[in-house]
Amino acid sequence: MYRTHTCGELRLSDAGKKVTLAGWVQRSRKMGGMTFIDLRDRYGITQLVFNEEVDAKLCEEANRLGREYVIQVIGEVMERSNKNKNIQTGEIEISVSGLTLLNSSEVPPFTIEDNTDGGDDLRMKYRYLDLRRSCVRKNLELRHQMTMEVRKYLDAQGFLEVETPMLIGSTPEGARDFVVPSRMNPGQFYALPQSPQTLKELLMVAGFDRYFQIVKCFRDEDLRADRQPEFTQIDCEMSFVEQDDIINMFEGMAKYLFKTIRGVELTGPFLRMTWQDAMKYYGSDKPDMRFDMRLVELMDVLKGYGFSVFDNAVYIGGICAEGAAHYTRKQLDQLTEFVKRPQIGAKGLVYARIEADGSVKSSVDKFYSQEVLQKMKEVFHAKPGDLILILSGDDAMKTRKQLCELRLEMGNQLGFRDKNKFALLWVVDFPMFEWSEEEGRLMAMHHPFTHPKKEDISMLDSNPAAVRADAYDMVCNGIEVGGGSIRINDPQLQAKMFDILGFTPERAQEQFGFLINAFNYGAPPHGGLAYGLDRWVSIFAGLDSIRDCIAFPKNNSGRDVMLDAPGTLEQKQLDELNLVIDIKDKK
Ligand code: ASP
């Protein structure tokens, strides 16, 4: 037997027991005639002690062990004189009487400690060593716990877990596909699923009225902190449901997860905000509602006083940062620099302080009388000590998005974005379509199978841009954690949708014929949602990036630096696949 106990298991009540442990040498210290070793495994750390006076040879062997050597020891559990309150086994140690070296190790390229000296790239290259660190391991343990609870919740609600294939055709989520060449079908390619959207709808046609799958999805997009080319969805679909049924079911699941995983009781229904309001008041379809600081429009208040920047603007808006009037000139300059960064793109920032006596002191006092500034103060319901920050621009949507960035930055600076606080909401009534400059046509904002709101269907021909969809996103702390929609199940309405989206009937048939045809065989009303598992885990674990809760993530260029993938293929493989490589843009 390699071990009788794990390294996280023994307590004072085990004193006197003869035990066998196995694990990795975390560190060793020699003090006089005694050698202490911290032995680590997945479960914790146990202190081993070797006494030169009792067994000099054994002690010498122990002194030769290097970091990360794998060993097995036999010994007796003893009460420790120097107790360590920080670890669970801190009241005991093992007085070792037998030592077996199971494997040696090279010196690891970074320290296997929570506060490691290894940089990002190095840790990713040696991810298997990084995963030995308890702070990383804990994220994967949490992830496991989450998937167990998700399965428990959905199983109790009668959902069936069904696997769908990975080698399929193009799916409709609107990102680029990752493709796989087919050897047996020369010149033809599979696409990896961007989501199992079409397949789960076919399962509804098949009568599996409650489906779920914890499933890998693949999207070839530019990467950000909360994006990976492959990520995991908790993908769900239900039949005979309306929007409220789905919202209730998955709000229930969110509450269940918060309770079982974080011990947080979320009471009452989540806030529901229309997409229109989210954009107007927060400049974002995923507002962080841990704090309010909503966007206020100032066109009526500030236009027409000779300040050309505002007079020529299509949109003027601001936020009121409570209690931030103490901001110094330097801090305000930094905020101006912040909004002028290319990623944000504002031209400048106007500010106004509410002084202790209630008067308003602004950076554009030259143009505005105290009377006008007081009117502005009223619109914000601002108090002495508050700071008003204003942006303007020639595109309302763009300027609102800039204000959203400024709002989030102020939220950070003023400490309103505490990771241990959670604000959840549903954003509903998304527009059905959005205009794509790149494609020069309307695109489905969610996907082409999303049902328009019943009351808006009559506008599909006359004013498609104004049509709203039965689509909803769940947002937690400014992060979209899931989204879905009620789907079209009427073949005629689906045909109309494809027409508006610029698909000829032939192209629609070519790409989605299997689904369109299936809908001719009695498709039930249905709808669903997908949660992003990686995002949920990173929120629960308080992580800044989803990479930290993925065992083997890719870096920002989409590379796996450990596997050194992607890589080139041997000529033989290319020949088998009938592929010729011709890189146009050789760098
Ligand atoms: N397939 C959708 C997505 O990946 C989710 C859904 O509509 O259920 O965003």
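Order of listing sets the numbers, starting from 1, for every ligand and every atom in it.
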>> Closer than 4.0 Å to some heavy atom of Arg487 - which atoms of ligand 1 meet that?
In response: 6 (C), 7 (O), 8 (O)
>> Has Asp429 got a side-chain atom pairing as donor or acceptor with Thr274's backbone, closer than 3.5 angstrom?
In response: no
> Does a donor on one side chain sit under 3.5 Å from an acceptor on the other, for Thr232 and Arg143?
Replying inline: yes
>> Taking 4.0 angstrom as the limit and counting only heavy atoms of Gly484, give me the atoms of ligand 1 inside it, by number and element.
In response: 6 (C), 7 (O)
> How does Glu480 reach ligand 1, by side chain, by backbone, by both or by neither, if only non-hydrogen atoms under 4.0 Å count?
Replying inline: neither
>> With heavy-atom distances below 4.0 Å as the criterion, list the atoms of ligand 1 near Leu529.
In response: 8 (O)
>> Please work out, at 4.0 Å between heavy atoms, whether the side chain, the backbone, both, or neither of Gln194 comes within that distance of ligand 1.
In response: neither
>> Within ligand 1, which atoms have a heavy atom of Gln197 less than 4.0 Å away?
In response: 1 (N), 2 (C), 5 (C), 6 (C), 7 (O), 8 (O)
> Relative to the ring of Trp275, is the ring of Phe430 parallel (under 30°), tilted (30 to 60°) or perpendicular (over 60°)?
Replying inline: tilted
> Can the ring centres of Phe258 and Phe540 be said to be less than 6.0 Å apart?
Replying inline: yes
> Which atoms from ligand 1 have a heavy atom of Ala530 less than 4.0 Å away?
Replying inline: 5 (C), 8 (O)
> In ligand 1, which numbered atoms sit nearer than 4.0 Å to a non-hydrogen atom of Lys200?
Replying inline: 6 (C), 8 (O)
>> Going by the closest heavy atom to atom 2 (C) of ligand 1, which one wins out of Glu201, Glu173, Gln233?
In response: Glu173
>> At under 4.0 Å between heavy atoms, is it the side chain or the backbone of Ser195 that contacts ligand 1, or both, or neither?
In response: side chain
Show me the donor-acceptor pairs within less than 3.5 Å that the side chains of residues 175-182 make with the rest of the protein, sequence neighbours left out.
from: Asp177; atom 1: OD1; to: Gln194; atom 2: NE2; distance (Å): 2.7
from: Asp177; atom 1: OD2; to: Ser170; atom 2: OG; distance (Å): 2.7
from: Ser182; atom 1: OG; to: Asn185; atom 2: N; distance (Å): 3.1
from: Ser182; atom 1: OG; to: Asn185; atom 2: ND2; distance (Å): 2.9

